[in-house]
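All values reported here derive from a predicted model rather than from experimental measurement. The first residue in the sequence is number 1, and the count goes up from there.
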Amino acid sequence: MVVISCLKVPQRHAQMYRKYLLSQGVLDRKYCAQKHPDGTVTLPVIVSFLAQLDLVALTKYVAQDSFCEIVDIQAPPLSKKEKVKSSYKRLLETAQSLLVSKGEKWSEDLERDIPSRWQCHGDLVLFSEGSFSNAIWKEIGSEFWTAVALTLGGKRIAQIKKISQDGYRTPIVTMLLGDNSYVTHIDNHIRYEFDVTKCMFSSGNITEKLRIASFDCSGETVVDLYAGIGYFTLPYLVHAKAAHVHACEWNPDAVKALQRNLQVNGVSDRCTVHPGDNRQLPLCDLADRVNLGLIPSSEEGWPVACRLLKRDTGGMLHIHQNVTTPLHHEPLEHSSAIDVEKGSSMEESSLRIQRDMQAWTAWASETARRICTLLSDITGSKWKTNIKHIEHVKTYAPHISHVVLDLECKPL
C-alpha cells in the first residue's frame, strides 16, 4: 500500500488552498484531491517541501476562518494530468512507430511537434494550433490520424488553427479525421452541444463554472451579457437554481447552440435568449445579478449592467477582466528553498503572488469606483459598491491573469 502526505482542509476552502499550493510548487499534481465524509478535502503535497510549510501562516494567508493539517493517507487515484502524460507517451510511441514503419527517421524536431495537451469533446479530439506542423503528418494522412484517434480513444480528429477576427471569435478549425464537427461535452452534469467549427468552448473556465454552480440564486433574476453556448447561463439555471436568466449573445451560431443546450438540459422555460448586440437590450431595472463573462475586458458592457440592476435593492456584478501585473526587477535578498517544478525560489514565488494580488486589488478598486459613478449617472441617485471577492480563474499569458470581481452594488 502506497501512503502519501496531504494537506487536510475544509471543503469550502479547498479550491483556495489548492491554488496557493499550486502557485508555490508544493502541490503534488500526480494525484487527485479527495473529498471525505467529514466535510474535508486532502490535497497531495510534495514531501520535500513539508518542512517549509508554516501551517499557521498558511491559514491566515488563504482563509483565516479555516484550518489545515498534514496527514498521511493511502495514495488516491492518479490526476487527470498524470493520465494525460500517459496518453502523451502512447501518442508519442504511436507516431514514432508509424513513421519508422514508413522508412522515415525519427528526430527531436518531430518529437517536439507532438502535442502534450488537447481537448476531448465526446469522441472528437481537438488539437491546438502549432502541433503537427511538420508536412510529414499530412503526407501520411488518414492512416496517421486514424492511429492517433485509436491511441487516444476517439473517433474524430480536428485542429484549431486560430480565432477569426469576425467579431464573433469564430474558431478556424480543420477536420483531420471524420466529417461531422458537431460534438457533445459534459461538465458537472451539464450537457453542452455545439459545432467545433463555429463555436468556441473554453475548458479553462471550469473553475468559474463550478463556482457559479455553488451559488444560491433561488428567486433571482440573472442577466448573462455574454452567454455564448451557455458556459455560465446553464450553471446558473441547472445548479444555482436562478428563477430566470436573460441570456445575451450576438453570434448567430452560438445562439442556436445555446437554445439547443437550454432544451437538452430541461431549463429553456426559465431562460429568455436575446440575440444581437447587448448594448441595444431593451431591459432595465430587473436584475439581481449580472454576469459579464468577456475577456480581455467586459468594459463595454458596464453601462448595460448598471442599467439592468434593480433600482430599489441593487445586486451583484460578476466582472471578468484580464489584469496585467507590472514587471518588477528588484533583486531578492534570499534565494533558499529552490522550487524544483518552477525553477525559482519559494520567496520569489510568494513575492510574485503578492504582486499579482496587488494588481488585481488595484484594478478592482478602480472598477468599483467607476461602476459607482456609472450607477449614479444612469439612475440619478447615489450608490455604494463593495468588493465582495476577487476570483483568479486562470493565467491567460505571462504576467496576465483572468480574474473575476464580485461587486455588490447598493442604492443609498
Side-chain angles (χ1 to χ4, degrees), residues 118-129 154-176 178-210 212-213 222-240 242 244-281 290-295 298 301 318 320 393 402:
W118 50 84
Q119 293 183 35
C120 291
H121 302 298
D123 65 0
L124 185 144
V125 182
L126 180 65
F127 293 107
S128 62
E129 183 180 12
K155 294 181 180 179
R156 295 175 290 166
I157 301 290
Q159 184 174 26
I160 183 168
K161 296 295 184 181
K162 58 182 179 179
I163 305 301
S164 67
Q165 303 300 315
D166 59 359
Y168 297 140
R169 288 181 57 79
T170 304
I172 298 177
V173 173
T174 301
M175 294 297 298
L176 302 173
D179 299 319
N180 182 8
S181 56
Y182 198 78
V183 302
T184 297
H185 187 101
I186 298 177
D187 261 350
N188 195 24
H189 307 291
I190 295 176
R191 187 182 182 94
Y192 299 89
E193 296 184 1
F194 60 101
D195 187 331
V196 295
T197 66
K198 297 179 179 179
C199 301
M200 287 288 295
F201 187 90
S202 181
S203 57
N205 290 341
I206 181 62
T207 57
E208 182 62 9
K209 284 185 279 189
L210 291 172
I212 288 173
V222 178
V223 180
D224 188 355
L225 285 180
Y226 306 97
I229 66 171
Y231 310 106
F232 302 127
T233 295
L234 289 167
Y236 273 117
L237 291 164
V238 175
H239 295 302
H244 198 87
V245 175
H246 292 272
C248 308
E249 176 55 45
W250 71 349
N251 181 345
D253 292 313
V255 168
K256 290 179 183 177
L258 171 61
Q259 292 170 331
R260 171 64 179 164
N261 291 331
L262 291 168
Q263 291 176 352
V264 298
N265 287 282
V267 291
S268 55
D269 60 322
R270 292 189 287 123
C271 185
T272 303
V273 178
H274 300 272
D277 191 337
N278 62 29
R279 290 169 295 186
Q280 308 302 319
L281 190 65
V290 182
N291 199 79
L292 297 103
L294 180 67
I295 56 173
S298 61
H318 300 286
H320 290 236
V393 179
H402 174 184

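Two residues are said to be in side-chain contact when any heavy atoms from C-beta on lie closer than 4.5 Å; V173 and S181 fail this criterion. At a threshold of 4.5 Å between non-hydrogen side-chain atoms, the residues V393 and N205 count as touching. At least one side-chain heavy atom of S298 sits less than 4.5 Å from a side-chain heavy atom of Y226. Taking 4.5 Å as the limit, some side-chain heavy atom of H239 sits within range of a side-chain heavy atom of N188. When side chains are defined from C-beta on, N291 counts as touching I212, because their heavy atoms get closer than 4.5 Å.
Judged purely by atom type and a 3.5 angstrom limit, R156 uses its side chain to pair as donor or acceptor with the backbone of Y182. Checked by atom type and distance alone, the side chain of D224 pairs as donor or acceptor with a backbone atom of T233 at under 3.5 Å.
Residues L234 and V267 come closest through the heavy atom pair CD2-CG2, 3.9 Å. Residues G228 and L258 come closest through the heavy atom pair O-CB, 3.6 Å. In terms of heavy-atom proximity, V273 sits nearest to P275 at O-CD, 3.4 Å. Nearest approach of L225 to G301, heavy atoms of both residues: CD1-O, 3.7 Å. Between L124 and N180 the shortest heavy-atom distance is CD1-O, 4.3 Å. The minimum heavy-atom distance linking N261 with I229 is given by the pair ND2-O, 2.9 Å.
Remark: H246 engages H244, H274 in a ring-ring contact (aromatic ring centres under 6.0 Å, His included) (not counting sequence neighbours). Remark: K209 pairs with D187, Y192, F201, I206, Y231, F232, P235 by the side chain to side chain contact (heavy atoms under 4.5 Å, CB included) rule, at least two apart or across chains. The side-chain hydrogen bond (donor to acceptor under 3.5 Å, both in side chains) search around R191 returns E193, not counting sequence neighbours.
To the nearest 0.5 Å, atoms CD1 (I160) and OG1 (T174) are separated by 10.0 Å. Atoms OG and CG, on S268 and L262 in that order, are 6.5 Å from each other to the nearest 0.5 Å. Remark: H402 NE2 to H320 NE2 distance equals 5.0 Å, nearest 0.5 Å. Separation of atoms CD1 (I157) and CG (L126) is listed at 9.5 Å; rounding is to 0.5 Å. Between the CG atom of D195 and the CG atom of D253 there is a distance of 7.5 Å, given to the nearest 0.5 Å. Distance check, rounded to the nearest 0.5 Å: CD of E249 to SG of C199 gives 8.0 Å.
If you look at H121 and F194, their ring centroids are closer than 6.0 Å.
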